[in-house]
Every structure is written in structure tokens, then in C-alpha cells.
Amino acid sequence: MSESKKHIVTAALPYANGRLHLGHIAGAYLPSDIYVRYKRLKKENIIFVCGSDEHGVAITISAIKEKTTPKAIVDKYHEKNKIAFQKMGISFDIYSRTSNQIHHKTSQEFFLELNKKGILVEKTESQLYCENDKMFLSDRFVEGTCPKCKSEGARGDQCENCGSWLNPTELISPKCKLCSNKPIIKSTKHFYFPLGRFQNELEKYVSSKKNWKPNVKNYCNGWFKEKLGDRAVTRDLEWGIKVPLNNADGKVLYVWFEAVLGYISATKEFGEKIGDPNLWKNYWQDPSTTYTAFIGKDNIVFHAIVFPAMLMAHGNYLLPQNIPANEFLNLEGGKFSKSRNNAIYLEDVVEKYSVDALRYTLASILPETKDSDFYWKDFQARTNNELADIYGNFINRTTTFIQKNFNSKIPAVGALSSEDKNFLKELNDLPQKVGDLFEKFKFRDANNQIMDFVRIANKYFNDSMPWKTLNSHPEKCKTTLNNCINAVQMLAVVFFPILPDSSKKIWKMIGNNSDIENINWNEINNLKVDINQTLVEIQIPFSKIEDNVIQEELNKLENQNNVDIQIKEMVPIKPIISFEDFQKVDLRVATILSCENIPKSKKLVKLEVELGNLKKQIIAGIAQEVEPSSLVGKQVVIVANLQVATLMGLESQGMVLTTAGTNDTFALVSLNKNVPSGINIK
RNA sequence: GGCGGGGUAGCUCAGCUGGUUAGAGCGUCGGAAUCAUAAUCCGCAGGUCGGCGGUUCAAAUCCGCCUCCCGCUACCA
């Protein structure tokens, strides 16, 4: 063990403001777990690290919404997710959290080290600050009058009317978007990480990694083309890791900067737990260690560019050797979406189904090369027709045969026919083939490879016809069964990384006293089932899933999508306005005369409406919600005195009132009966 | 519109550093077998590899154009 290869394996830190769903598992966690379990069987020295990412604005916002504190949010989801991971069999050595003291300390030290080296750039900027909300207003949180074209409602970063790029402080009469108060100008100092300085080194680093997945390299090259710029390392926020400098009150480290360091702090914590506080150095700072970072594609920039640059800047750490990033898993043809409740949550599913069945299905559909889909029916088919029928049945027919005909005693091998030899060859080749695929992060292929062997095993059983040879050629029958039970044992081992629970059970069922975890993968070919062993309590390894159970899940998804319309959080009501203010808005009934899609625009349609004897052209962003031709003749409510705007080169002389929702929550504001067009609304 | 990823058998996908009759699993149909969770095994059927053009002795595979789908982004007055 001591001289074996050393690995540190990390899986992306899940953000602690929501529950984990199957998409997360298929992205980073199942692949990393399979890999780690395999490496452990290889008796390689490996630490598997993960934890909750618990800082950032999103958590603060969740806390405000749920009327609680960030700490409460983070505690809740950390606990939930930790348990869900455990139940799913994701075998982290440690599942830490970035709110831990050890992480704060690690991040602060890292920051100070970079600062000491003079790498961080300090910039003082005048920014808008809202005294009411007590926060600096970033670009999107402020609007005002455009200094160039004088149109109102220009955002802090860009004026939508004339398209010019703005600095928030340039706006005439700026307003806080949250409370409408006038912000003051306040200067604030921030630290920046000069990513650009490392671009050359990063490009070399990435291009030197010949075995990275092409999708990962593509992403990086895209970023390199754009030229890397400075990235703010600090923020003016309350919730987070304090900037460890004297005059830095109210400043915290930006999440992107500290979250990735969570891997290192978690390793430290692990070392302390097992009584070896310096253990982390032996991994993170020892060049003989291989560092592998499992992530989903949304995390590629941070792990392939930002984090390596930080580590380069610091100088004392390993860089990721490989970053096996998966694409996304979709659900029933659509996106996994927390906000739309179109999701299958780990904590639910782990209670209801066999974890191994879930792991098996996910392993067969891992989005390794492109997005893939989870379908409930597919889950059922894979569990029933593959896991249960092919694999489960092979185990069952072998073990029950031995139980009935050999009194549960493992029969001995006799003379081998050429069929036996061929079968044993396949059997002995299996671990090498599967291992190679695991090494290359091709978990889906590995899974298929094993299943293919189970088919070979079933065929061997069929062709050997032990139920006939039992009486006619007993020796041959024993040989067949001996080979089959050895195949069962081998399958339990090679399937262990993917199906840990059932492998353990099968291992014991064969009559082994040892633990399957203690098997050395490199020696499994020599590992034959002892003929003195006796089978223990045969049980069916995989049960099937009934149609009605799946139907229930499908119904639930449909209901979720409906319920969702009601439970969606309400947008806060805007500040009170005076009646006069309201009267400024001229609302009118208009009849739609024509409506057509605007070429080359996904969302815009061109409407011609009639207001009494007046006609107006309106450009509206509703193309994705309604069929344009279906609107002709309908009466709608419009804002008639809105400033004219130009969209896609077309003049829009008003605005059609609709709900702000999409899909099911989209609706036009209409009238309960026809009235003369042009009539005003009070 | 910009960027990225896709469009291969009914379904899910592999193949795509160009080279024998384009593969696998599931599903369908037919058959064999009956030890086994009515499980298994064999076989048939099923594809103009999104479209057009080009390079080549040879293209699903390389190049160009087009088209459709998905994600991010912009236009949502």
C-alpha cells in the first residue's frame, strides 16, 4: 500500500441551497464514486473528497425568501445532501463544508499568500451604494436615464435603447432596482486576480493534457480565445469568508475563489479526523500524487482554468491531472429544473428504489459524451430486463442449481472441454477489459462490457445444459456449475464499483467469509471459489419494478409541473405609487389585425393593432408562447403611451399586457367581452 | 443573431485520427430450451448514417452550404 499510486479525487462541491437530484449524481458523483471504488480495489492509495459549497449571494437570497438566516439554509441542505449521498452509496472519505473554520482559515491563508506575492491587483472603484438596502448596486441592480440618448430605464451596464455600454455611475438620476431609492456614490476597494497573466501557462497546461476529454478542451479553448481578464476576488457582502486584512470590513472572498479551495480544506479536516494533521500535504503538495477533479460541464471554467491559475499563482500545489467533466442529464426529454420542479430528488428516490438499480441505470446512461435522458420507463426496463432478468437470473439459476442438486456445496471442476476453456478465457479477460475502461473514465462502456459478459455466461449455462448432464455426465455438470459460480463471484467483484450493495450480498451468498472490499483487483483471476464453501441463504438479488409504480412517478411529474404554477414564489410587490403616477399609464383595448413572426428572432412577433381609428405596430416578445396566427381578431390590453422603441430594426409603438410567466404561466390580458377598440382603461 | 453541443434502425446510443456486406442493447416477430425471478438462448425483420454539393480509388467518418433540435446569450417596451 505504501508504495502504491497516490490519488486525490474530488467531486464538485454541491451548492447548499437546494436538494440534490439525479442530474447531479450522473454528472459528477456516480462517476467519481465508481472510479474511487475501483481504485480502492486496486489497492491504490486514494482520498475522495467533497463537501457543501455554502457561501455566495444565492444563499443570502434564499435566506431572505425563506425568511431565515443563511446559516439555517446551509445547515439544512448540508445535512440533507450529506445523507442523500450516503444512501446513494457515494463513498466520500469526507464530506465537509466551506463554512467550517478550517476552510475559512485555509482560504484566508491562500488569499494572504497570493497578496504577499503581489499577484493580486487592488483597484479602487466608485460604485453606487444603496443606503436603504445597505449594498453596493452591481450593474443589474440599478437603472436610470441614459447619459447618451436620455432614454429612461437604462441599466447599469448598458442602455437598451441606444445600445451604448455604460458605467453605473454615469447614469443620470440612478435608482436602486430593489427599493427605488437614489443610491449614493461610494468608493470601494477590491482585489482582483489577474487571470490574464497566467494565460500562456494555462494554455500550455491544457494543451499538454492529451487524454482530457475533447469537450473539456473545447471549453477551455473558447475561453482562451476570448482572452482572460482580471477577476474580482472580493465582494462587499456579509455572508462569506472575511477578507483577512485590517481595512476590509464588510468584504468577503468571492465564492469562486474560496469554494475550490474547499477540496484542500476538506482534506485537512480528514487528516485531523484520522489523527494525521499533515496528511493533506502528502497529497496536495506531493508531485507523485495524481489529482482528478470530477465535475459537470457547468464547472469546467473553474476547474480547468481558474483553479489551476490560482494554484499556479500560489506555487505549492498540484494541478488537476484530469478533469472528467460530464454533460447534463435531462429528464423525460426536458431539463432537470429546480424552479420548474421538473426533477427527481435523490432523497426521495433513494428511499423508494434499490440504490443499485438506480446506479445501474445511471451508469448505463451517463452523459459522458453528450447530454442524455433519464426516462422512468427506461429505468424500469433496465432494472427488469437487464439487471433482474439477465444478471439477477444468472446468479439465481446458478445458485439454486447448486443448492438443489449439490446440497449447496460448491462442486469441483473436472476435465475442461473446449467450450469450458473458451468461457474461462472470457471470464479471465474480463477484469482487464473493465479495468481499462474504468481507467479511461468510460464508465458507461465498462458497465456494458460487464453486462455483455453476463450474456455470455447465460449462454454458456444454456449450451452446457447442466440439467441434462446432471444425470448423464455428472462430472461435466459439476464443471459447468463450478465455472458458473466462479463467474458469479467475478461479476460481484467487477460490478462492485457500480453496484456495491448487491455485490456485497452476492459475495456473502457464495459463502465467503471475507469482505469484498478487501479483494485485490489485480489478483482476482487467481481467486477461485473454494470447493469447501457452502452457499448461504439464497436470495433474489434484484427485484422488478411494477408498471403501476412507474406510472405513479410519471403522474407525479405531471402534477409537479402543474402544482408548480401555484407554488412558484411570488415576485415582490413594487413600491407604492401615487394615483397620478398610475394615471400616466394610458391603457387601451386594442384589436389585433395581424400578427406574424419576425424572421431571425426567436421571441419577437410583429403585431398590427387597431385602436379606434388609430393603428399601431407593436413588437412583442411572445413568439415562444403563442401561435401568432391564433391572435388575429383578439382583443388585448396595451400600453398606448409607451415611448417608442426599436427592436430588430422595427418600431414598437406600445406594449401588449401579458403575464410575466412562460409556458403554462403565460397568458394574455384579455376582456370578458368584446368592446369597441381604442376604449381606455381606468 | 453570437457561442457551444447534437441530428445513425421503433427507442437509447456506439462508430466519426476516412477503407471489407454501418454496429450494440432494449422493443417487435419467429424458433429452441425448461435449471432459473414466464427468466434464458438462437434467428428474422428493421437504417437513402438530417439535406445538397465538394475532396478522394474510397466518406456516417474530412471540407463547404443548408436545415432541424437542445443549452447559454442577445432581442423580450
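The figures that follow rest on heavy atoms only: side chains count, while hydrogens, waters and symmetry mates do not. All chains are named by letter (A, B, ...) in the order of the sequence lines, taking the proteins before the strands, and each is independently numbered beginning at 1.
- At the heavy-atom level, A/Ile395 lies nowhere under 4.0 Å from the strands shown.
- Nucleic acid contact class of A/Ile365 (heavy atoms, under 4.0 Å, all strands): none.
- Remark: A/Glu537 does not engage A/Lys508 in a salt bridge, criterion side-chain N to carboxylate O under 4.0 Å.
- Counting heavy atoms from C-beta on, the side chains of A/Asp389 and A/Phe542 never come closer than 4.5 Å.
- Checked against B/A39, B/C26, B/U37, the side chain of A/Ile390 finds its nearest nucleotide in B/C26.
- Below the 3.5 angstrom threshold, one finds no donor paired with an acceptor across the side chain of A/Asp378 and the base of B/U12.
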Taking Watson-Crick (N1-N3 plus N6-O4 or O6-N4) and G-U wobble (N1-O2, O6-N3), each under 3.5 Å, can you produce the dot-bracket string of RNA chain B? Use [ ] for crossing pairs and | for inter-strand ones.
((((((((.[[[[.)...(...]]]]..((((.......))))......[[[[[..)....]]]]])))))))....

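- With respect to A/Lys615 and A/Glu610, no salt bridge is recorded, no charged nitrogen being found less than 4.0 Å from a carboxylate O.
- A/Ser364 comes within contact range of no nucleotide atom at all, as no heavy-atom separation falls under 4.0 Å.
- Of the candidates B/A39, B/A14, B/U34, the closest approach to any side-chain atom of A/Trp467 belongs to B/U34.
- For the pair A/Lys213 and A/Phe441, the cation-pi test (distance below 6.0 Å, angle within 45°) is failed.
- Within 4.0 Å (heavy atoms only), A/Phe461 reaches at least one base atom of the nucleic acid.
- The C1' atoms of B/G18 and B/C49 are separated by 14 Å, rounded to the nearest whole Å.
- Note on A/Lys404: only backbone sugar-phosphate atoms sit closer than 4.0 angstrom, heavy atoms only; bases stay farther off.
- Within the nucleic acid shown, A/Glu327 has no heavy atom closer than 4.0 Å to any nucleic acid atom.
- Checked against a 6.0 Å centroid threshold, the rings of A/Phe423 and A/Phe453 count as neighbours.
- Residue A/Arg455 places no side-chain N or O under 4.0 Å from the OP1 or OP2 atom of B/U40.
- The shortest distance between the side-chain N/O atoms of A/Lys544 and the OP1/OP2 oxygens of B/A39 is below 4.0 Å.
- Across B/A36, B/G27, B/C41, the shortest atom-to-atom separation from the side chain of A/Asn385 is found for B/G27.
- Contacts of A/Lys377 with the nucleic acid, taken as non-hydrogen atoms under 4.0 Å apart, are absent.
- When heavy atoms are screened at a 4.0 angstrom cut-off, A/Phe542 is found touching base atoms of the nucleic acid.
- Under the 4.5 Å side-chain criterion, counting only non-hydrogen atoms from C-beta, A/Ile618 is not in contact with A/Val605.
- For the pair A/Arg397 and A/Phe461, the cation sits on the ring face: its NZ or CZ lies under 6.0 Å from the ring centre, inside 45° of the axis.
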